[in-house]
Structures are given as structure tokens and as C-alpha cells.
Amino acid sequence: DKVWTLLYDMGMNIISSFGFTLNIKVRNGKLKQRQIDILAADNEVAFVIECKSKENLGRKSLKIDIESFSHDIQFIRNSIKKLFNNRNIKVVPIIATENIIWDDNDRNEAKENNIIIWDEYDILALQELSSIAGQGAKYQIYNRIFFGKKVKNFEIQVPAIKAKMGGHTYYSFVMSPEHLLKIAYVHQRSGTCSFLELSDSYQRMIKASRIRQIQQYIENGGFFPGSIIINFNKPLHKEDLLGDKKSLKNMKIDCKPVIITLPPYYGCAWIIDGQHRLYGYADSQLKKTETIPVVAFIQEPVSVQTKIFVDINKNQKAIESNLLWDLYEDLYSESHNINERTLWAISKIAKKLNSEKNSPFYNSIYIPKEMNNGNITLTTVCTSIKQTGLISHEEGVLFKHNYETTIDYAFERIATFFDIFRNKLPEQWNAGDNHYIKTNSAFVVLLGILKDLLECNLSPEEINDLTKFRNTLEKKFLYPLLINL
């Protein structure tokens, strides 16, 4: 029922009812009936889903189910193409489970046979994605499933103006929201990311309430003349000049009218600006009939894309600093720029302080996508870590080998330092804003003290060994501070 409802909310055109069976032809032309839990299809994709569950969480062998599914899938694929009279429809086999702990051998066998697994966590993440992006969610699932694969009959041609801005070539054109929804994504993650990461990224980038407001606005006759800005991660499939060279020479401006063929891939364009405007069309029939203006860059480096994003949000409209620090995890996840990698690592450390149950700041740091009631802001934590230079690549005392390993290394030592205050002064710590020790101001001051202790008073051995680190801090340095708080 959960999976069926998810597919309905995603806007699949056809969904089977309970007890559906499919006539398939197996070897020697024999007719066989195959019971299908859910068949859901639109004009491009058909999901064939087997649903398995247990009453209580536990292990269950799915070997026989996988073998049976694998054996029949080509026959199922042929029958579905005939059923819909569509030879190009992509048939995707899925096994959806609840309360089943997958055996590694079963998981590997499913992968070898190109069967996708959705467990209860995937389904929950997809439900959350659907609640944010509406029917646009299915195209993000297609992007995840078909990442990097060319789609037949997916090319479209549009007239465009080719020009340069700030030394970068761009194309200006119009297209239907429906097609842009198919090829666009709003997160800086690769197609190998999990559905949970996909959902988390969209929670950072999009507000569902704003999308609904925009949908209502456009359905009441409203429109947005401003361009949506995108970057194609694939080259244009084709580009042809419009007009003759003599006429073009007489133009007063340095630009060219062209016909371009867009890349035929799901998820080939990152939306740098205009996410809410686009997804406002996702659940509206206007996505098929309206056009929207687009400015497109082609295969710009990630550093350029993210710079455009940050510049737009910093200079053209105010973006809340907590949200910007939250977004750095996505924006700079693949950056090779040292400054951007530093911001990425700081964002990860701060959010780890909030999410780890053994952290003294568990659920205490306000993070926009979490919508929690933390009394310490993400901006305070991140800015303090940045200003102290604790994880600076050049001389940060908590920098360890690279930024990936630095995240855990720095988190453990910052958490340990503040955990001393939590354990010694539990009543004051739990008072939140009603006592100084666990406030934004205190975090700034105490992290500065930690920096001085690390740089001037602790040996590398004492810093590396967490037990020695804690004991030395508590007994040798923090005791006078603790008894006065």
C-alpha cells in the first residue's frame, strides 16, 4: 500500500490494481500468467514491483524470489512493451521490502540481475521527496536509476541565442516545464547517491510550502519572466547556426542565433537558480503547455557552478546564513578548491555534532532542513570553527591527512571537549538558554579556549589519544573553569 500510494503521488499514469496478473510468453511460445504486485507506468518508464515484508524485523531469504523474478523479467519486459504498444518503454524491476534484513548474497544477486532494491528507508525517503517535489519526484528517481544512460527519442531541439557573459558561453532559450523537469536536478550529488541522500538534498534546496504557493499563483494566471539558470553536465547533442553569415555580420551585438539539440539524458542539468519556479509546475497541467525562459551554461566546472549559485544568493537576494552553511555540504561535495573543501568539511562537522547521539550537542544545533528547536545556530558553530582555523589545511591543529578523515577527527575532539562540561555540569548544560554554558556566546568563547589549549598546552600525543586528551583537559586545565561555572 505504501509503495502503491508513493507511485500514485508521483503521478504515474497507470497503476495496476490488487491481484493483477500479466500474460507472458516463455520458452517455446508457452503462455504463462505471472502475478505482479504493482505495475506502474508512464509513457517512458514501467516499474514492475515485487513487495515482500515480515511482521517483525528480521532476516528472510529472498533467493527464490530473486531467481524467479530474474528468470521471468525478459518475458515480462516483452509483454509490457506489447501491452503498451511502446517498444522504447524502459521496464525497471524492483523488489520493495519492509522489516526484512537483506542477506548480502541476496543483495549481490539482485544487483547482478539489475533488480533494484527499495527497503523501508528508501520508501520513506522517496515519500519525503514526493511530498517536496510532487510529481517532479519521479524524474529524480529516473535520474538515479538511469544515471549516465542515453534515452532514446529524448532529444528536443530549441532555437537559442548563443553569447558570452563574464567570459563564459551561455545559451538563452525557452522550453516546456515538463521537459526541463525531466532533465533537471537541484542537488550536487552523483547518480550513485542513495535515495536518502537525494531526499536530504531536496529538503535543503526546496521548501514545499513555497512550491505550493507558486503552483497556485501560476494556475491563477501568474507568471515569472525571469530566467531559470542551469548548467548541462553533458555537451549539447548538436548545434546549427541560424541565418547566413552576411546577415549575422550586420548585427550590433556579439551573439549568434542557433538551433541546439539538448542532451538526451535524465538529470543532465543542475538548476543553479529557479528551483521553486520550476517545481511549481510539477503538479500542474500547465507544465505541458507553458514555456519558461532558460539561461544554460555547458559543462562548467563545479567551482564555477557553485560560485554562480552563491553569488546569486548572496548578492541578488538575501539567503539565510544557516541555510547557506547547510548547503555547503552539497555545493562543495566534489570541489577540489581548498577553501571550498574547508567549508564543506566544517558543514559536515557541525551537522555531525548535531546528529550523533553521543554528542553533547545532539539535536541542539538549529539546522534548517531538520526544523528542530536547537538553541545554538549552525552559523555560530560553523563560523566559530572557521575563524579559529582548527581544520585549516595549512596549520589547523585538528586537520588530519585530508578533509575526509579530518571530519571525524575534529568532531571527536570538539565533542569530547564540550562533553566535559556536559558531564560535570549537567543541570546547567540542560538549561539551554537559561544558563550561559550552552549558548551561542558560550560556544564561541569555549571553542576559542579549546584552540588555545590545543595550540599551546597539549602535545601531539595527548591530542591524538582521546583518553589522554580528555583526562589532560579535565584535570589539568578545565578544573578551575568548571568550579566557577
Side-chain angles (χ1 to χ4, degrees), residues 185-190 193-194 196-207 270 272 275 302-314 318-372 374-394 396-415 417-418 440 443-444 447 450-451:
Y185 62 99
V186 303
H187 59 113
Q188 277 287 43
R189 299 294 182 96
S190 72
C193 71
S194 69
L196 181 58
E197 290 173 323
L198 188 65
S199 175
D200 282 348
S201 291
Y202 274 73
Q203 288 185 58
R204 292 187 186 99
M205 300 292 285
I206 289 179
K207 290 184 178 179
W270 181 43
I272 298 173
Q275 299 90 342
V302 171
S303 60
V304 174
Q305 297 177 55
T306 51
K307 182 180 186 303
I308 296 171
F309 174 88
V310 172
D311 286 348
I312 287 172
N313 285 289
K314 273 188 173 179
I319 184 169
E320 204 260 329
S321 60
N322 284 312
L323 178 57
L324 196 57
W325 276 109
D326 192 9
L327 290 173
Y328 283 149
E329 179 186 355
D330 283 336
L331 294 173
Y332 299 139
S333 62
E334 298 177 11
S335 174
H336 298 292
N337 178 279
I338 293 298
N339 292 332
E340 292 170 356
R341 291 299 283 174
T342 303
L343 296 176
W344 170 78
I346 291 172
S347 177
K348 296 278 285 186
I349 292 166
K351 286 190 271 189
K352 196 173 178 70
L353 285 168
N354 180 71
S355 63
E356 293 291 324
K357 290 187 177 179
N358 63 337
S359 167
F361 295 103
Y362 177 63
N363 274 345
S364 296
I365 300 171
Y366 172 73
I367 297 174
K369 81 176 184 66
E370 301 290 346
M371 297 298 289
N372 59 356
N375 70 308
I376 297 176
T377 67
L378 183 62
T379 298
T380 294
V381 177
C382 291
T383 303
S384 299
I385 295 174
K386 182 175 184 288
Q387 289 177 344
T388 56
L390 286 172
I391 68 162
S392 167
H393 178 264
E394 295 179 347
V397 69
L398 293 184
F399 183 87
K400 194 74 170 178
H401 304 311
N402 56 57
Y403 280 113
E404 285 75 12
T405 55
T406 293
I407 291 168
D408 285 339
Y409 186 80
F411 159 76
E412 289 171 347
R413 278 137 192 88
I414 294 172
F417 173 76
F418 282 98
N440 286 290
F443 187 91
V444 175
L447 196 70
L450 173 61
K451 177 194 175 184

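Only a predicted model underlies this, so the values are computations on that prediction, with no experimental measurement involved.
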* From K348 NZ over to D408 CG, what is the distance, rounded to the nearest 0.5 angstrom? -> 9.5 Å
* To do: Mind checking the CG-CG spacing from N375 to N440? Nearest 0.5 Å is all I need.
  => 7.0 Å
* Please name the pair of heavy atoms, one in F418 and one in P360, separated by the smallest distance, quoted to 0.1 Å. => CB-CG, 3.9 Å
* Side chains of F443 and V381: does their closest heavy-atom pair fall under 4.5 Å? -> yes
* Asked: Could you go step by step and tell me if N339 and Y332 meet the side-chain contact (heavy atoms from CB on, under 4.5 Å) rule?
  -> CA-CA 10 Å; N339 292 332; Y332 299 139; over 6 Å; no
* **Distance under 6.0 Å and angle within 45° of ring axis: R413 vs F417** => no
* Could you please spell out the steps behind the side-chain contact (heavy atoms from CB on, under 4.5 Å) verdict for I367 and N322? => CA-CA 7 Å; I367 297 174; N322 284 312; over 6 Å; no
* Looking at residues at least two apart in the chain, or sitting in another chain, which of them share a side chain to side chain contact (heavy atoms under 4.5 Å, CB included) with T383? -> W325, T379, Q387
* **L353 and F411, any side-chain heavy atoms less than 4.5 Å apart** => yes
* Charged N-O contact under 4.0 Å between R341 and E404 -> yes
* **Inter-residue atom distance S335.OG - L343.CG, 0.5 Å rounding** => 9.0 Å
* **L398 side, atom CG; E412 side, atom CD - distance, nearest 0.5 Å** => 11.0 Å
* **Closest non-hydrogen atom pair between E329 and W344, with its separation** => O-CD1, 3.2 Å
* Does V444 have any side chain to side chain contact (heavy atoms under 4.5 Å, CB included) partners at least two apart in sequence or in another chain, and if so, which? -> T380, S384
* Spatial distance of atom OG (S347) from atom CD1 (I385) [nearest 0.5 Å] -> 9.5 Å
* **Residue K207 excluded, over 12 heavy atoms near NZ under 6.0 Å** => no
* With no hydrogens and no angle check, is any side-chain donor or acceptor of N354 less than 3.5 Å from a backbone partner on S359? -> no
* Asked: Can you find a side-chain donor-acceptor pair between T405 and N402 that sits under 3.5 Å?
  -> yes
* Begin with the C-alpha distance, continue with both residues' side-chain angles, and end with the deciding distance and a verdict on side-chain contact (heavy atoms from CB on, under 4.5 Å) for F399 and S392. => CA-CA 6 Å; F399 183 87; S392 167; over 6 Å; no
* Should the ring pair Y403 and H393 be called parallel, tilted or perpendicular, given that the plane angle runs from 0 to 90° and is split at 30 and 60? -> tilted
* Counting N and O atoms only, with roles assigned by atom type, does the side chain of T406 sit under 3.5 Å from a partner on the main chain of K400, one being a donor and the other an acceptor? -> yes
* To do: Drop me the distance from K351's NZ to D326's CG, to the nearest 0.5 angstrom.
  => 4.0 Å
* Verdict with reasoning, L390 to K451, per side-chain contact (heavy atoms from CB on, under 4.5 Å) -> CA-CA 7 Å; L390 286 172; K451 177 194 175 184; 4.1 Å; yes
